[in-house]
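Below is one structure, written out as structure tokens, with a few remarks after it.
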Amino acid sequence: MNLKGTKFQLKVWNYLRKIPKGKVKTYLEVAKAIGKPKAFRAVANAVGKNPYPPKIPCHRVIRSNGSLGGYSRKGGIQQKRQLLKSEKVFIK
DNA sequence: GCCATGGCTAGTA
DNA sequence: GCCATGGCTAGTA
């Protein structure tokens, strides 16, 4: 798989690949995990540019308050919900 | 370089 | 308010 992007984006996407099926992380958790705890906003941007969804599971990132957050890929938010549902994750 | 733009967050009101 | 991007303007050379 040939990922192309900035250093930052690659860090984010690589981290996404480590989130196992059936689990979710928040944008803030991802930010912390890549060593940039205050870059949660930028993380959201990078996640949104995921080139290979759902192979790279950007759908497993949700908001800190437990709500879904967004999904700018094909199918939109419904698709995100559906993907999570198929992994037995239920979001409010 | 500057500025707007986001799949957001924590903390106030 | 946080912060990485991308587009676009000045303004220099």
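The figures here come from the full heavy-atom set of this structure, side chains too, leaving out hydrogens, waters and symmetry mates. In the text below, chain A, chain B and the rest are named by the order of the sequence lines, each starting its count at 1.
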- Note on the structure: Per atom distances to the N45(A) side chain, the nearest of dC2(C), dA4(C), dG6(C) is dA4(C)
- Query: Which nucleotide, dG7(B), dA4(C), dC8(B), lies nearest any side-chain atom of A42(A)?
  - Reply: dA4(C)
- Taking atom C1' of dT9(B) as reference, at what distance in whole Å does atom NZ of K25(A) sit? 17 Å
- Query: Which nucleotide, in any strand shown, forms a Watson-Crick or G-U wobble pair with dC2(C), with both distances under 3.5 Å?
  - Reply: none
- Item | Any K36(A) side-chain nitrogen or oxygen under 4.0 Å from OP1 or OP2 of dC3(C) | no
- Item | Separation of atom CD1 in I62(A) from atom C1' in dG7(B), rounded to whole Å | 12 Å
- Query: If you check the R41(A) side chain, which of dA4(C), dG6(B), dG6(C) turns out closest?
  - Reply: dG6(B)
- Select base, sugar-phosphate, or nothing to describe what S64(A) touches, counting heavy atoms under 4.0 Å on all strands. sugar-phosphate
- Reference residue E87(A); test side chain to side chain donor-acceptor pair (under 3.5 Å); the match among R60(A), Q82(A), K21(A): R60(A)
- Step by step, would you call Y15(A) with K18(A) a side chain to side chain contact (heavy atoms under 4.5 Å, CB included)? CA-CA 5 Å; Y15(A) 183 74; K18(A) 299 198 287 192; 3.8 Å; yes
- Note on the structure: When Q9(A) and F40(A) are each assigned the nearest nucleotide of DNA chain C, the 5'-most assignment goes to F40(A)
- Message: Taking the minimum atom-to-atom distance to the side chain of L28(A), which one of dA10(B), dC8(B), dG7(B) wins?
- Response: dA10(B)
- Message: For G48(A), is there any backbone N or O sitting under 3.5 Å from a side-chain donor or acceptor partner on R73(A)?
- Response: yes
- Starting at CG of L83(A) and ending at C1' of dG7(B), how long is that distance when rounded to a whole Å? 14 Å
- Message: Tell me which one of V12(A), N50(A), L83(A) satisfies side-chain contact (heavy atoms from CB on, under 4.5 Å) with C58(A).
- Response: N50(A)
- Using Watson-Crick geometry (N1-N3 plus N6-O4 or O6-N4) or G-U wobble (N1-O2, O6-N3), each under 3.5 Å, dA10(C) is paired with none
- Message: Tell me the interatomic distance from F8(A), atom CZ, to dG6(B), atom C1', rounded to whole angstroms.
- Response: 13 Å
- Message: Is it the case that the side chain of K80(A) and the backbone of G70(A) share a donor-acceptor pair, with hydrogens and angles ignored and the cut-off at 3.5 Å?
- Response: yes
- Query: Touch check for Y27(A), heavy atoms < 4.0 angstrom, all strands: base, sugar-phosphate only, or nothing?
  - Reply: base
- Query: Which whole-number value in Å describes the distance from R63(A) CZ to dA10(B) P?
  - Reply: 11 Å
- Quickly work out the E29(A) CD to dG7(B) C1' distance and round it to whole Å. 16 Å
- Message: At 4.0 Å (heavy atoms only), tell me whether K80(A) reaches a base, stays on the sugar-phosphate, or touches nothing.
- Response: base
- Task: In whole angstrom, give the distance that lies between atom NZ of K38(A) and atom P of dG11(B).
- Result: 14 Å
- Message: Without decimals, in angstroms, what is the distance between K32(A) NZ and dT9(B) C1'?
- Response: 10 Å
- Using a heavy-atom cut-off of under 4.0 Å over every strand shown, decide if V43(A) touches base, sugar-phosphate, or nothing. nothing
